[in-house]
Amino acid sequence: MENRNHYEELFKKEFNKLNYQQKEAVETIENPVMVIAGPGTGKTQVLSLRIAQILKEGVCDAENILCLTYSESGSLAMQKRLSKILGPTASQVSIHTFHSFCNRVIYENPSIFKIRNELELAETIDQYEIIEVLLFNLDESNLLYKHDRNYTYDLKKIHHLFKSIKEEYWDIYKINESINKEIINLKTDDRFIYKRNSKEYKKGDLKQKAYDKEVEQLRKTQSVLELYPAYVKEMKQRDLYDFNDLILNVISEFQINTSLKSRYQEKFQYLLVDEFQDTNGSQFSILKLLTDLWKEESNIFVVGDGDQAIYRFQGANIANLREFEQIFKPKVIELRENYRSTQSILNLAEEFIQDSKERFTGRNTGALHSNSLAEDTKSILITYDTANAEYSDVSDKIELLISNDKVDPVDIAVLFRNNKDAELITKELSNRNIPFSISKELNVIEHPLVHFIMKILEYIEMEYSNPLDNEYTFYEILHAPFIKISALDIALIAFARRKLNLSDPNNSLRKRLSSKEFLESSNVSDVKEVLEVAQIFEILIKEKNDHTVQKLIENIFYQLKVIHFITSTDNSLELMEVINSFYEYVKALSIRIDNMTISDLVQHLNNLKNYNLNIPFVSVSGTKDKIRLSTLHSAKGLEYKHVFIVNAIEKGRKNSNSFKLPPGYSFRNDDTEEEDERRLYYVGITRAKEKLQLSYSTKKSNGKDQKPIDCIRNLENSEFLIHKQGKINEKQTLSSLEIKLSPLRKKYELLSDDKIEQFLETFSLSVTSLEKYLQCPLAFYYEKVLRVPGARSPYMGFGRAIHSALEDWVKNSDSLKNFDSKIFRELIESKMRIYRSHFTKEQFDSFLIKGQSELSRFIQINYHEWGSALKIEPEVNFKNQFYKGVPLSGKLDRIDEYSDGIVVIDYKTGNSDSDSLGKKLKAANDKNQLGGEYWRQMVFYSILNETSKIYRPWKEGIFYFVISNKKDEFVKKSISITEEDKSIVKSQIVDTYAKIVNKEFTPGCQKPECIWCSYLETGVIRIIEEDLEEEDYD
DNA sequence: CTACACAAAGTTTTT
DNA sequence: CTTTGTGTAG
């Protein structure tokens, strides 16, 4: 009883604090009510007090009240607030998200919803995997078919389309029909009709090319739609459901099963809905179904604010607010008293939103009225040159707030549009030792520590099934920060191996690392450490099958002293959280996958990576004493004294991630982006209680200009915003350089001069080494000087097999007289078998088919022409050539001799459709002083021919693309070479060789995509494919 | 107006 | 890799 009185007192006290409109909302418990609640107007308080009021009046019990929220966090916040006011009774009130409510309905009625087995929530990765299998099984004639089986890009688009089909309740057969109609309609569409005469065409003619392209796009969509039924079937087969299924299933059951619906209608007599503006169509349908018994007399209470509708992209619609008004004729109450922000902030927010065309604000407009007692200062907009300057300056300001103004870090938030913006800020904050908490999904899978653990797992698995054949992975692993072999020792090992026959298993990295003699003769400084590491890996591989995956990971942690390493670093807490996130993810996964093996895990993790999905970062240290980093979206509902909104720039508005749909169908939020953006920043601004700073930078990282978001540009003359120009001082530039040095990076040291001189003794410049050095000197150092093992790719295996097959075929003198397709096909197959390890099974099959059919056609088209050559010589090796003292070498695919000179032929096995082809073939000019790489290759060959004088003079250089392009042509490019071309490349040769002799390898090219340059920055090494051409080292 | 070459971009979030 | 926007020449 005492307790009860306590809560009654509490209610009275809280109720008395409310303003007139709030009280009205709390007290109106019968019939539909719609509360328009702007930001900071106390809606959660109103919702909870209203529930208390319903119970106080005794019209029903706590279990007859259903409170629906949009998000889990909203539901949690609601629960907390309610317990405060109601005490234990609060737990009897049903507080659900729409999804958990539907889940409850399904599980309360297993027989009705025909739940066979325990259903499991489909993660995005499950859906991707299902779609990928469907794509793998495609017929060669399907428009979506790709012979390299790389469907990464299509996967996303297909997933997006399938999701929309469910969200929008689309009928795939109807879409299909619309496409058929559209294809006919397009023939008379203005867009595809010539509007005037020209040489080639007449006014009124069909633009065939453009039309065909459009039709192909629509047909592709049809091919995707064809996969949909199989997708749905496979989801059922695996007992998987997705979030849309939850709601859709309940809707369709409520529609046909009146008695089921009635049971819930009777149970829940009082409905309350929070964040109503964020409900989507199907969620609203649930509400309509639950209330269709009483309609305008329903006790339904919704709280929403059209200006804060930011989930449009996933189906939420402001129209729901209007429709609610029409259907339920509710009493509308507007809350316009704001208890959070200063008036300046509210005025600014209003300026942001006032130009919105589509607003639902109820009767009143204008800024909310502030009740804040805080000092009212104007908000600031700062423009910086670069994002680095911006984040650095914002971090400085935060540091000052905490140290000088003694602001509690939890009162500070940095808000941004995209999660990836967070990464740069976290680096700046880490540098200043400012602790932060982040909303979620810092990409743990890309974190260096996780990367290395994944690589180790992958290596153990591969080495177990395919021993001594996974060099490059092992080489990468040695660079892990927790492995105490110095970077110099690794380089010495690589250098000592470069002259060995690497295809001999006895020379494999794994074997050599266990050999004391080898290590000592390589001048390795810490032989003992290397032997120890090698020994640990031997045991891990040997015992692979003796442990569960979890135990194996623990063993890796323990044996390689990962935890010990982490605790020795400055940011050990963050690193522990990263490792813990990974470990927790694996644990959860092992529950989902029965008897999970390492190969299951490795495959799963690689899929995550390939699909660009994340392992969520789980923080265990809480948010205490930390500033908050959050996306604008997830900042909703929260408030901070100091808010920094950064990187407020206009986004590139490309959506290449959707298939073309016929008229009448469109992906959500296609045409309302500007409005959505406005509301999003409105939400951001209204998070601030006292001080707000907006900022953006005018230049992208690549130096190109960028503009701020639209609504900022409209605020040029706002009286509520002070414009400032951010300056870069020297300290800031310095710190933006510092962030590039990760603590996880091993100390970097170049090989000693005598080693490099040793390298130069046998080095001769080939076109690939020249190219490599010009691309990136650091890459040259690693790939050519150290010769680190390269990764394999199917493209490389295919290229080598094809080159080798063509060589053999040309060698046979009968070949050119008579083309025997059967023998040729067999030749290709036998060559591909040699490079078997470059392919997965599926890849091997489709590359083989592709290679056989394309090459046969290629040869049939060309071999007559080749017949007129006096002599054809494949695989010509130029050795011991010199130009101005530079040793040159080269391996040419083929030289055809004619009476008037030689034709040098180079086969290309890659795609000739590529955009960059033209650039690669282009000679050097003022704009591009280097010139294209294919151009340089041919010029280099002509220089070799000139210095060697073995063959007749140069006549022509030809690139043959042996795979047909989209237009089904085999592209053939002839390069004409001038004396000027030769002199340019000659000077490139001399310059480059001089730089190599001078040991100029650092700093590399500094391009962000360069693996070696980024290795120096981050300590993570990710080896990609080897060069196509293998060089001689004898 | 049309064709072609070239560069840029690939969300945001929740369940 | 694919789509889309921009720039340029005809």
Side-chain angles (χ1 to χ4, degrees), chain A residues 68-75 96-103 121-124 144 146 148-157 160 163 166-167 190-201 203 205 207-210 213-214 216-217 220 241-247 275 278-280 282-283 309-316 415-422 439-441 612 614 616 630-636 651-660 667-670 673 676-677 679-681 683-684 700 702 704 706 910-911 913-919 922 927-928 966:
Chain A
L68 291 170
T69 61
Y70 171 76
S71 70
E72 195 71 64
S73 66
S75 143
H96 283 291
T97 62
F98 276 94
H99 290 91
S100 73
F101 171 70
C102 289
N103 198 27
L121 181 72
E123 305 276 343
T124 315
L144 301 169
K146 289 203 177 71
D148 59 3
R149 311 278 174 141
N150 181 2
Y151 292 108
T152 332
Y153 289 94
D154 278 339
L155 265 178
K156 276 185 207 140
K157 298 201 280 180
H160 180 52
K163 212 173 143 219
K166 280 192 179 172
E167 271 170 9
D190 250 16
R191 278 151 48 221
F192 302 101
I193 300 292
Y194 285 113
K195 285 168 201 70
R196 66 177 191 200
N197 290 330
S198 108
K199 258 186 278 176
E200 315 273 333
Y201 43 81
K203 186 178 167 180
D205 280 356
K207 292 184 199 171
Q208 195 65 46
K209 250 194 197 161
K213 210 173 161 196
E214 184 89 359
E216 184 174 306
Q217 284 179 7
K220 262 194 187 158
Y241 67 88
D242 66 28
F243 290 107
N244 291 312
D245 291 332
L246 273 181
I247 293 183
E275 305 278 13
D278 286 334
T279 54
N280 65 25
S282 51
Q283 289 164 341
I310 55 173
Y311 286 101
R312 171 85 66 115
F313 62 86
Q314 57 147 79
L415 308 182
F416 36 83
R417 181 74 174 78
N418 302 323
N419 264 320
K420 65 167 190 267
D421 297 337
S439 58
K440 61 177 282 218
E441 306 232 336
N612 252 325
N614 290 335
S630 164
T631 60
L632 288 162
H633 278 94
S634 48
K636 187 164 184 184
K651 60 184 177 145
R653 50 184 63 208
K654 312 262 154 73
N655 14 290
S656 53
N657 60 338
S658 48
F659 285 97
K660 190 143 265 159
F667 294 106
R668 287 276 160 134
N669 144 65
D670 271 359
E673 279 178 61
D676 292 349
E677 208 76 347
R679 284 193 293 270
L680 189 57
Y681 280 92
V683 168
K700 296 189 207 177
N702 61 10
K704 296 225 164 119
Q706 60 185 1
N911 189 346
D913 286 313
S914 149
D915 285 344
S916 49
L917 181 58
K919 234 192 333 195
K922 223 180 214 145
K927 242 167 125 192
N928 179 5
K966 272 193 211 135

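So that the names make sense, note that chain A is the first sequence line, chain B the second, and so on, each numbered from 1.
- Taking atom CD of A/Q217 as the reference point, atom C1' of C/dT3 lies 7 Å away to the nearest angstrom.
- At whole-Å resolution of the value, CG in A/L144 and C1' in C/dC1 are 13 Å apart.
- The nucleotide whose nearest atom lies closest to any side-chain atom of A/K157 is, among B/dT11, B/dT12, C/dT3, C/dT3.
- Comparing A/N244 and A/R417 by the nucleotide of DNA chain B that holds the closest heavy atom to each, the one mapping nearer the 5' end is A/R417.
- Of the candidates C/dT4, C/dT2, B/dT12, the closest approach to any side-chain atom of A/K660 belongs to C/dT4.
- Whole-Å rounding puts the A/E275 CD to B/dT14 P distance at 12 Å.
- Considering only the side chain of A/E72, B/dT15 comes nearest among B/dT14, B/dT15, C/dT3.
- For A/L632 and B/dT11, the CG to P distance is 18 Å, given to the nearest whole Å.
- To the nearest angstrom, P of C/dC1 lies 16 Å from CZ of A/F659.
- Residues satisfying the salt bridge (Lys or Arg N to Asp or Glu O under 4.0 Å) test with A/K166, not counting sequence neighbours, are A/D242, A/D245.
- A/K922 comes within 4.0 angstrom of the backbone, heavy atoms only, and of no base.
- A/L680 has its CG atom 12 Å from the P atom of B/dT12, to the nearest Å.
- Exactly one of A/L246, A/I247, A/N103 qualifies for a side chain to side chain contact (heavy atoms under 4.5 Å, CB included) with A/F98. That residue is A/I247.
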Can you check nucleotides 2-4 of chain B for protein contacts, nitrogen or oxygen pairs under 3.5 Å, and list what you find?
from	atom 1	to	atom 2	distance (Å)
B/dT2	OP1	A/K195	N	2.7
B/dA3	OP1	A/Y194	OH	2.2
B/dC4	OP1	A/K209	NZ	3.2

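- Residues A/T631 and A/F416 meet the side-chain proximity criterion, which asks for heavy atoms closer than 4.5 Å.
- One atom, NZ of A/K156, and another, C1' of B/dA9, lie 12 Å apart when rounded to the nearest Å.
- Taking for each of A/L246 and A/H160 the nucleotide of DNA chain B with the nearest heavy atom, the 5'-most of the two is the partner of A/H160.
- Looking at the side chain of A/Y70, the nearest of the listed nucleotides B/dT15, B/dT11, B/dT14 is B/dT14.
- The distance between atom CD of A/E214 and atom P of C/dT4, rounded to the nearest whole Å, is 9 Å.
- Note that CD of A/Q283 is 9.0 Å distant from CG of A/L68, once rounded to the nearest 0.5 Å.
- Comparing B/dT12 with C/dT2, their P atoms are spaced 23 Å from each other, to the whole Å.
- Here the side chain of A/Y151 pairs a donor or acceptor atom with the backbone of A/K146 at under 3.5 angstrom.
- Using a 4.0 Å cut-off, some side-chain N or O of A/T631 falls inside it from OP1 or OP2 of B/dT13.
- Looking at residues two or more places apart in sequence or on another chain, you find a ring pair (Phe, Tyr, Trp, His ring centres under 6.0 Å) between A/Y194 and A/Y201.
- Among C/dT4, B/dG10, C/dT2, the nucleotide with an atom closest to any side-chain atom of A/K213 is C/dT4.
- When side chains are defined from C-beta on, A/H160 does not count as touching A/F659, because their heavy atoms never get closer than 4.5 Å.
- Nearest heavy-atom pair across A/V683 and A/L632 is CG1-O, 4.3 Å.
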